[in-house]
Amino acid sequence: MTKLLQVSGLCKAFGGVVVADKIDFSLSAGAMHCLIGPNGAGKSSFFRLLLGEHAPDAGTITFDGDDITHLRSFQRIRRGISVKFQVPGIFKALSVRQNLEVAFQSHLSGSQLEQTIHEMLEFTELSHVVATPAGVLSHGQQQWLEIAMAVGVEPKLLLLDEPTAGMSPDETRKTGDMLNELNNRGITILAVEHDMAFVEQISKRVTVLHFGSIFAEGTIAEIVDHMGVQEIYLGTVDDG
Amino acid sequence: MALFQSLFGMLYQFGDTFAFLVIACAGLAVIFGMMGVINLAHGEFIMCGAYVTASLARVGVPLPMAVLAGALAAGFVGVIVERLVIRHLYHRPLDSIIATWGISLIATQGVLIFLGSTMQGVGTPLGSVDIGGRFYSIYRFVLMGAAVGLLGGLYLLFYHTRFGVIARATIQKPQMAHALGVNTGRMYGLTFGLGAALAGLAGGLYAPTMTMVPTMGATFIVESFVTVVVGGADIFVGAAPAVAILAFIKTGLTAWYGQLFGQIGLLVTVILVIRVLPGGLSGWLKGTTR
Amino acid sequence: MTETSNGTGSSQPRLAFLRRLEGPQTMGRGPLFWGAAAVAVMIAVVYPLMADAWTVGNTAYFMIWTFMAMGLGLVWGYAGALSFGQTAFFGLAGYTYGVLTLNFGAAYGLTIVALLLSVALGALFAVVIGYFMFYGRIQGVFIGIVTLSVTLVMETFMSQTAGPQWRIGEARLNGFNGMSGISPLTVPWPGGDLVLFPGPILYYVLLGLLVLCYLGLRILLNSPFGNVLVAIRENPHRVGMLGYDVRLYQMLAFAIGGGFAALSGALYTAWGQYITPSSMGLTAAALPIVWVAVGGRRDITATLIGTLAVLYGFQALTIYGSQYALVVMGALLLFTVLVAPQGLVVAGMNLVARLFRRAQR
Amino acid sequence: MTDRHSSLFAKGLMAGAAMALALACPAFAQDGPIKIGVLEDQSGDFAAATMVKVHAIQLAAKEINDAGGIDGRPVELVVYDTQSDNRRFQEFMRRVLQSDKVDAVFAGFSSASREAYRPIVNQFDGLAFYNNQYEGGVCDSNMIVTGAVPEQQFSTLIPWMMEEYGPNVYTIAADYNFGQISAEWVRQIVEENGGNMVGEEFIPLGVSQFGQTIQNIQAADADFVVTLIVGAAQASYYEQAAAANVGLPMASSVNVGQGYEHKRFNPPSLANMYVTTNYIEEIDTPASKAFVEKFHGMFPDETYINQEAANSYIAMYLYKQMVERAGSTDHDAIRAVIAEGDVCFEGPSGNTCLDPQSQHMSHTIYLAKVGDDHSITFPKVWEDIKPYWLGEAGCDLTKSDPSAQYTPSSPPPAQ
């Protein structure tokens, strides 16, 4: 099976702080993968490197067969990477519909645009608030809106940074269902997550990041059993 | 002798420009660096300090006392302005530009209406000194000393006093400082007041060398902005080297090509610095030393 | 904020862009608003028949400035970049118009060509400055400082071109005193060229241009381009992560804003047959910001009405308030920023809308 | 302070609408008032030198009305504050000509503001008095200039200074039209008189720090310095030069007479300064003393009566004479009067006459010397100095009206 994303020897340091230390990582098309690790492990920095917000000191990133190491963020997005941030990155002064328009209009127009907006509103159950300014939505709804914005561009790879942060257990479960559905539709997903129950709900394989390098990788069961992982990570999580 | 003359001349010009830039920009830099507020009324605080200084000096108050009083008066006005206006605008930096522009309009025209279009100045004290066949104003050396003292004093204030540490903490993490029991509102007020007082000090120090008119602050403002921008957000790291570089550029261009190129050189430098070093010199210096 | 139209149904594709005349980025929609707008234009059309010549010429003069204000409204209110140097493009276009007409004269509609070239040059200059800034990742208040520096450099430079060596062809730049003897706009007309001295004809030309530009801006702002601009103002980072080149959009918005400022500049020069470096100075540079801030920057209609209102108000203050005019202007700015930060016209429009809704209930 | 307030309040009232005190005298002829527009900077950068012009015009208007008006018609002033802003000049020039329909306008301090309103005066065929000394060269039949021009001030000043102090001259001048053109005149006259320019420096407007300039002057071994600096910021030169003990005699055509620097600065920063001017309040003639007394009678707290104030006052009386001789305010009739070549006025500055070719004035030029205590003496007076350059260069408004401004480096095209 060809790899959709191939990262090799990725390094990045800020002054003395190493946030990525020779990371080798790959993702097959169609995977549903979680990235875990304690605070400061370098998860967010890894995302930023993938998105082109930081330039790596060394290493390459290959996506869908092309070297994207030196592309700018928006160019990577146009090649099929999409992202949803931890803090909802929605446009609070714009309505739900406008948010979706901004997200999709770069590649869709006319009836296609209408149809996609309609589909995404249905999918995220936001149809009834279509005209509401996004800033007044509930936290969960804001998260879903952003997922819709990230998904509507039909990405090959969807990056999710703690998609359930701040959600109620009910909202978390619903989000998990959504992501599974998306994965079934063929979107490759890479998520950073703290909530192990949620990781179990969605993920087939898990990678543990620690001090900027890959500490362990395997199925969820393997990782849970891994002694070292428990020491560095699970032991510190109170509600694991 | 001719070599000594021109060398000393260059050095003197450099020191003179250096002093002007430091003294002119200190108040603006404190307010911008610490609070992120671009104070377009900076020139009017300078004018306030100059007017108070000149008025007192002319009724017989010794000049150093008069300068101090000018600084205090400007600082006092600054605290009031912060309380009435600036305090409501911390989250809207663009609006604070407009508000301070409004204050500047009111101050300039108000002074024109109530105090008249011009005011008699005070003469430059201390006379002149003959160095290698040329005469130099002694007061200019006092200004150079004041500039160096000002830089040192600000460094001590912000790094070695309780006020300075709390002020910097407040500015960097307002919520945290608030949680730790710091009266953040008062800190902002004091910082703005300090900035205004430094502007007043600039006015007081330069009052004996300038024409006293309501718009006199305008002659300081462009140079002040240039320095602050080139220095970057952290004035304590960036200001001194920025002033040194700018003084060098301005002195050189003025000496060889005349005043016009000295002026244009400054403005072009700003544009280049912002393009090459968006964080200013301080951003660049911190980036490489971390 | 509710919305009704914008994209429901896709009939009449040929006139689809007209649907963008109203939308969420601009205040005012529905028959009531357009009815009021039509009445306003009608009044503007018949007004010269009743007013004296000076008032008409004066109103035309005010309309000249609204283009720069609307351009700044786009750059600042919609794209979120406070430009303190729109006067740089204003001045460049003014001088360009002057140099071109002084060299090539006013016959054969050449003044129209000069006007167009001036606007193009202003916009091009804005592209260059915009490229410099946005591709250099300059943000926030620093945009204000860079643009202010640009306009001050230009003022300083033009002020010292008094010497005879500073000439472009026939046109002496003439330093601080400014360039004079410039031709007014001249339209070739059967039976003799039509010289647009400040008067009713110029008034109607400007009114037409104003309506055109206003409607064009509305369409632009409610288009996908406008959506992205507002999104950039709200959260530029996220917009980049949706696959847009944020810098390109900012630069384009800046170029359009510069083009509008340039249009004002060329028209102003043609109107007064005169352009001076002080039109790029600090005071001149601050004025557009004052108009837009007092009127309201987040809405193009508010910017337009506000600019006209402030221009009238300040002139009236100068006539009747004598020396106190500048003090009142400063106080008005403070009042706006502290009490009605979204702008007085927007605050007024919101108030009217609220009263209207209450009355309906 | 209270005096000041009340006079300000009065000014506010007057500026708004028609001047009440002008209308106070009842016995006037049927034609209605003669309206005169006054566009001067009462706020902004130039206010220091121009407020007094408005007062001078008000004084003259009151005197004329008290004496029965112009040809029996009262004078009515329409005053606007132009805020040192060229755009206000454009707006208000249009307003006074088109809406207020004034018969003549007294307008402008800076040359930039004059150039801003001149196209409008031409468009409506108005008549504007520019009452400032300036760089010269305006050849426009719609303009009457009552201020002195460089040839009048420098052809007297420079040779006198060279004779007194020596042939080596250093010029510092504001870097704009006035400074550049004046410096050109100085250079030319120095060379004609066998002198030597040891330095020439142009200072951008708004510069207030002169360290380098002062050093250059000290290095140049000049016998005297010609200071053609303009504006409040540049005036800081004098204080700084005095502090650095430059100690050279100075000559100027613009300072003292306009911005009364000798009153504003502490002695002795302007000591040994020589200025040629057609009027300042210290002039010790009976006419001048009477003028100062009348002025202070109406405006008790007037800071200083400068040459522009006198010029404005003279211009009012010139206009009165021209209208009375022409029998109307019609511009062609007035031009016919001017063409007779004998429009003269014996005023506070002595006898002045209007030159029909250029519509500029001949003046008595006073050489004012500033003493160590900033008192003024007059070592020399030249009578009847004519504004010769424009006429010699080919400007003749009695024949044609180019409505242009010429300079020595771009003179009128040869006929």
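All of these numbers come straight from a predicted model, not from anything done at the bench. So that the names make sense, note that chain A is the first sequence line, chain B the second, and so on, each numbered from 1.
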### Task
Tell me, for C:Trp65 versus chain D, whether the close heavy atoms (under 4.5 Å) come from the side chain, the backbone, both or neither.
side chain
### Task
For chain D, find its close neighbours in residues 89-100 of chain C: heavy-atom separation under 4.5 Å, sorted by number, or none.
none
## Note on the structure
Whatever's closer than 4.5 Å to a heavy atom in chain C on D:Thr407 counts as side chain
#### Entry: Those residues of residues 173-187 of chain C, ordered by number, that approach chain D below 4.5 Å (heavy atom to heavy atom)
C:Asn174, C:Gly175, C:Phe176, C:Asn177, C:Ser180
### Query
Is there a side-chain contact between C:Tyr61 and D:Arg94 (heavy atoms, below 4.5 Å)?
no
### Residues in side-chain contact (heavy atoms from CB on, under 4.5 Å) contact with D:Glu184, at least two apart in sequence or another chain
D:Arg187, D:Pro408, D:Ser409
### Query
Which bit of D:Asn177 is near chain C, if near means a heavy-atom gap under 4.5 Å: side chain, backbone, both or neither?
both
### Query
More than 12 foreign heavy atoms under 6.0 Å from CG of C:Leu209: is that the case here?
yes
### Task
May I have the step-by-step check of side-chain contact (heavy atoms from CB on, under 4.5 Å) for C:Thr318 and D:Tyr80, ending in yes or no?
CA-CA 8 Å; C:Thr318 313; D:Tyr80 295 116; over 6 Å; no
### C:Ser159/D:Asp175 under side-chain contact (heavy atoms from CB on, under 4.5 Å): CA gap, chis, key distance, verdict
CA-CA 8 Å; C:Ser159 295; D:Asp175 192 0; over 6 Å; no
### Task
Working to the nearest 0.5 Å, report the span between CG of C:Asn58 and CZ of D:Phe92.
8.5 Å
#### Entry: Under 4.5 Å from any heavy atom of chain C - which part of D:Tyr117
neither
### Query
Stepwise, does the side-chain contact (heavy atoms from CB on, under 4.5 Å) test hold for D:Arg88 with C:Phe314?
CA-CA 11 Å; D:Arg88 293 283 182 228; C:Phe314 281 10; 3.9 Å; yes
### Intermediate values then yes/no, side-chain contact (heavy atoms from CB on, under 4.5 Å), C:Trp54 and D:Leu97
CA-CA 9 Å; C:Trp54 179 75; D:Leu97 292 178; over 6 Å; no
### Message
Let's test your reading of the structure: which of D:Ser111, D:Ser99, D:Ala112, D:Pro119 forms the most heavy-atom pairs below 4.5 Å with chain C?
### Response
D:Ala112
#### Entry: Any side-chain donor near an acceptor of the partner, C:Tyr274 and D:Gln90, under 3.5 Å
no
### Summary
Those residues at least two apart in sequence (or on a different chain) that pass ring pair (Phe, Tyr, Trp, His ring centres under 6.0 Å) with C:Phe62 are C:Tyr312
### Task
Measure the spacing between OG of C:Ser279 and CG of D:Asn86 and express it to the nearest 0.5 Å.
8.5 Å
#### Entry: Region of D:Glu115 in contact with chain C, defined by heavy-atom distances below 4.5 Å
both
### D:Gln98 side chain near C:Thr55 side chain, heavy-atom distance below 4.5 Å
no
### Query
Are D:Arg87 and C:Trp271 in a cation-pi contact, defined as NZ or CZ under 6.0 Å from the six-membered ring centre and within 45° of the axis?
no
